[in-house]
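Naming: A, B, ... by sequence-line order, numbering from 1 per chain.
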Amino acid sequence: GTPAPTAAPATQAAVVTEAPVATEAPATEAPATEVSAPANPNIILATTTSTQDSGLLDVLVPMFEEQTGYVVQTIAVGTGEALKMGEEGNADVLLVHAPASEVTLMDAGFGKDRMLVMHNDYIIVGPAEDPAKIAGLGPKDAFVAIYNAAVPFVSRGDDSGTHKKEVSFWKKAELDPATEKPEWFIETGQGMGASLTVASEKGAYILTDRATYLANKENLKLEILLEGNNAFLNVYHVITVNPEKWPAVNYDGAMAFSKFMTDPATQAVIAEFGVEKFGQPLFYPDADKTDADLGL
Amino acid sequence: MSDIFEITLLSLQVSTIATLISLLIGLPFGTWLALGKFRGRSFLLSIVNTGMALPPVVVGLVVAMTLWRSGPLGGLRLIYTPVAIIIAQTVISAPVVMGLTAAALAALDPRLQQQLLGLGASRVQMIWMLWREARLPLLAALMAGFGSVISEVGASMMVGGNIRGQTRVLTTAIVLETSKGEFEKALALSALLLVLTYLINLALTLIQQRGAGK
Amino acid sequence: MSDIFEITLLSLQVSTIATLISLLIGLPFGTWLALGKFRGRSFLLSIVNTGMALPPVVVGLVVAMTLWRSGPLGGLRLIYTPVAIIIAQTVISAPVVMGLTAAALAALDPRLQQQLLGLGASRVQMIWMLWREARLPLLAALMAGFGSVISEVGASMMVGGNIRGQTRVLTTAIVLETSKGEFEKALALSALLLVLTYLINLALTLIQQRGAGK
Amino acid sequence: MISVRDLLIQRNGRDVLKINTLEIQRGETLAVVGPNGAGKSTLLLALARLLKPARGQIAFNGRPISQMDDLEYRRKISFVFQDPLLMDMTVEKNIALGLKFRGAEKEEVRARVGVWSKAMGVDSLLGRRASQLSGGEAQRVSLARAFVLDPELLLMDEPFSAVDPPTRAQLLNDLSSLLSQDHRTTIFVTHNLKEAAQVGDRVAIIINGELKQVGTPRQIKENPADKKVMEFLKEF
Amino acid sequence: MISVRDLLIQRNGRDVLKINTLEIQRGETLAVVGPNGAGKSTLLLALARLLKPARGQIAFNGRPISQMDDLEYRRKISFVFQDPLLMDMTVEKNIALGLKFRGAEKEEVRARVGVWSKAMGVDSLLGRRASQLSGGEAQRVSLARAFVLDPELLLMDEPFSAVDPPTRAQLLNDLSSLLSQDHRTTIFVTHNLKEAAQVGDRVAIIINGELKQVGTPRQIKENPADKKVMEFLKEF
Ligand SMILES: Nc1ncnc2c1ncn2[C@@H]1O[C@H](COP(=O)(O)OP(=O)(O)OP(=O)(O)O)[C@@H](O)[C@H]1O
Ligand SMILES: Nc1ncnc2c1ncn2[C@@H]1O[C@H](COP(=O)(O)OP(=O)(O)OP(=O)(O)O)[C@@H](O)[C@H]1O
Ligand SMILES: [Mg+2]
Ligand SMILES: [Mg+2]
């Protein structure tokens, strides 16, 4: 069986090396030497900004294009916008990290296939002094502590995957600062990088994905205060848009991309990505696991 | 969107103040560029014209780097305040007002200056009359300046932070709704923004025509 | 940033083409607004002036919704191509060129039209001479139009998609570097953008002055 | 050549010129005089089709000008305006303007500009920008600009008001012989009654928006139509 | 009152006016005549300190004007320009302009504008926009605009060129008496030699950028300085 998701991804480095090939054989996979251009070579990939900002797609997309002859148009937008593009058939394939909303999309029939690709994790960062004393607490208690201390907290407030995650924590804590709008609750409505900058400037706490934090670390006066909890997993799925709803979509291409993303060779690349620069991987490949394995 | 009224008001306030400051800077300086006789004038003019092409994101980045705590003016604690947006927007629209003012005044008959001085106008009075004479293109300059700030988003986002209840303005709200995939809301806000801008333009045009009609 | 040359070239191409199309639309239409005598003229003028304040994000959203597969022109498959950026940028800069053209021509002595016709000018020849006479403010209009597109990012982002190697232009690259936290790279790209814009403005100014000097 | 019937011109809603009937023969020079604001310039503008009549009609060679091709008609005409607005270009280009509009050959343009700039005494100024001329120089350029066109109908609105006396005398002389040679129809507005009598085959008197009288200088002097005309002519 | 010494004015790098010496007495009216482009307008502009001399000096009541306060000096002067550029406002406001610049009281402005608009025959046009005037009407407004100021020194550059003959005669008459009453110094450029002799206590002749001769009309007529002056005066 597959190993249970471990709490701290830093200790989980070896998953990929033993990963078996995905259950379905990659039908379209072809050696780079005999690339024949597909009938409809253009694919629109709608994804969240984090995958682009981290630089991961800059590595993977050229690989995919070279292997298959497809040309990928990567559109990095907010999670909500990416899902909407799928819903309206304006993208062929999605790479997103908002599991609950993804399920809604699938249930409504707009998505056809949904495959687990990878995860990284969320962390709570904040000023080194940690005025609300959240270090060492569980996620729910940490949010309660922040609320009670009424110290600055930055919320993305943009319905992104990260924001949805944060909302779920407030819900678990049975608190609702978004409605109460206290002074210390700062909603930026911006992307992760910009929100981190706001948090840094305001000396605030913020829930962030590890990858973006690491990429921006140099410019920030924020320390990791809480990490390594099961509840902090940030899971990415690839979703093909349903051609029965939108005949114009390039389903073959979308499928090829999904297969590529879950292909063991690709997964190995994901596991290595960022190690050189940050000393730790930014994403952990999960193609060999199921949602249940990750506690979704 | 219960805070829509608040957001709209802030947009108008911030952009109006920025436009007024730009006018205060751009009108005299543009006049000087148009009327002054000095070396390096066309060099300065092309610098100002380049300023008309200042990308809001660049202005946002530079102003933010200045106002961040790590920046030279970090002590003022202006980052993520409406004042910061006003500063950035002023940087964006001042060159627009300046460049168009210079062009408008340079197009006037040069003998007009002579004649006004010959009628006993002081320098200030002369310039005042020149502005009056060029009021149509100057109004267009003002509108272009206002248009450049009420519509920009890159700078407001970076230096304002789009913080709900504090620095969220119409354009940043539009971007937010768009990134949420809430296109209808984004379009509704856009419509609101355009209607407001239209009303302001209309008011300015009417004031100007009344002034001309007298 | 090995593709920096490519990005720069695309920026220049796209913005230049958009500006030229805006000129092709804005110059005649602005002239008509300035010289025509018809009802609803000031209404149209304030619409055009409002157009100068069209937020790039709004233009981007509307053009994207039109060009998306789900949109009315989805069949043309233009979304996420340089053509899409050109379309959006044209929508942004045409009103700028138009409004400033109208203001520039309205400021000319109305008897000039009469005199040109009296010398045997056809309508086209007359308009040509009026443009020549107002070349200074018209050049400023052109520069403001170019400035508005070379600097905008909202529309290029939405309809172009900032796709590496395909539709990435300087401003979208700046935004990307900024959001990656690579501020130095962003500033370097900004400097490049401004230097290019300056050179273009300088070239236009020199051409215009040579034309005037003859 | 030109016949005006029942003409009414309005400017900004005010009646500024009424003419019951006026006939001008081919080759004739008609001098138009009258007080300021009488409507003299307005008459010329209407004849050049630069103002639309509120009523009445103007016929050129028997055809109503409103029915002729606008451009074709205007290209038979040269107009020397009361306030010449020169274009911001060289004197040479200003003089050549009308020829350029008519698509004349480069050679022809050069030749004609040469002839007429010399005739008007501005040949030394050809390379100068028009904005750098004295008042009289500008007026001479505007005269040259009209004469190069060799028009059928020449409309001149106080064309010598800023020209110095010796030049003026000489131009008037040249003009008289030139016009009578050419059989070119000329309408000539002036404030100088002596000039009007010298150049005009007939003189038209417009007062307060009405054409009061048309006749040879002698006819008018001997037999003024009414008291107003008499008063206007008393300096003469 | 005014004394000019060794003056050289350049425009666009060309010498356009040289005057060795010229004295104008308080209360005197000096008529200036000369061919087009001679430098007459340039002289007036220099006297009003609107052009900087390349050399030499102009003194007003014994003080070099370059050392006087610019504004204070210009406010002693009224200028009627050769081409009056009226502002795009009503005739009334145009006439009041100089008074407004000098911060005159509302009542006084109204009274003076009333007097002078009537004197120039433009009182019925006070509410009209300046762009809707005939050539002569515009010139009258420009005259009124200068006269309301009641200046010490009045500079007029062909102020009657577009005014109709009866009005012109009347204004000249009025002017002669007005000027001799007021002891107002006047410099009056004209192309009408009769006018120059009628109004001017002395006449100055500028030809080709040089002040050739200054004297009473009779002196000049009887004793022209050189051949060029004689030639210029032959029509006179
Ligand atoms: N704005 C100007 N720039 C350069 N040169 C000029 C300018 N205005 C006039 N000149 C030149 O200066 C000289 C004197 O001009 P000025 O206007 O004083 O002549 P003027 O005696 O008033 O002639 P006119 O009787 O035609 O009005 C002329 O050679 C003229 O071409
Ligand atoms: N652009 C205009 N708009 C409105 N009314 C005008 C305009 N130009 C002239 N007028 C008026 O029309 C009437 C006739 O003007 P016109 O210019 O024909 O007079 P004119 O006989 O040429 O006088 P002048 O001898 O002063 O040149 C005058 O009452 C004048 O005020
Ligand atoms: Mg007239
Ligand atoms: Mg002169």
Counting only heavy atoms from other residues, nucleotides and ligands, does the tally under 6.0 Å from [atom1] of [X] exceed 12?
X	atom1	answer
A/Glu180	CD	yes
A/Lys164	NZ	yes
A/Lys171	NZ	no

For chain A, find its close neighbours in residues 29-43 of chain B: heavy-atom separation under 4.5 Å, sorted by number, or none.
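At a heavy-atom separation under 4.5 Å, chain A is reached by no residue of residues 29-43 of chain B.
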Residues of residues 68-92 of chain B under 4.5 Å from chain A (heavy atom pairs)?
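So the qualifying residues are B/Trp68, B/Arg69, B/Ser70, B/Ile79, B/Tyr80.
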Chain B heavy atoms under 4.5 Å from [X]: which part of the residue, side chain, backbone, both or neither?
X	result
A/Val77	neither
A/Glu87	neither
A/Thr197	both
A/Lys221	side chain

Can you tell me how far [atom2] of [Y] sits from [atom1] of [X], rounded to the nearest 0.5 angstrom?
X	Y	atom1	atom2	answer
B/Met157	A/Gln190	CE	CD	4.5 Å
A/Asp158	B/Glu177	CG	CD	10.5 Å
B/Gln166	A/Ile186	CD	CD1	6.5 Å
B/Leu176	A/Arg156	CG	CZ	10.0 Å
B/Thr178	A/Glu81	OG1	CD	6.5 Å
B/Lys180	A/Thr79	NZ	OG1	12.0 Å

Can you tell me which of A/Glu88, A/Met85, A/Lys84 forms the most heavy-atom pairs within a distance under 4.5 Å of chain B?
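Greatest number of close heavy-atom pairs with chain B: A/Lys84.
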Could you go step by step and tell me if A/Glu187 and B/Asn162 meet the side-chain contact (heavy atoms from CB on, under 4.5 Å) rule?
CA-CA 8 Å; A/Glu187 282 183 68; B/Asn162 186 28; over 6 Å; no
If every non-hydrogen atom of A/Asp159 is compared with every non-hydrogen atom of B/Glu182, which pair is closest and at what distance?
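Smallest interatomic distance, heavy atoms only, reads OD2-OE2, 4.5 Å.
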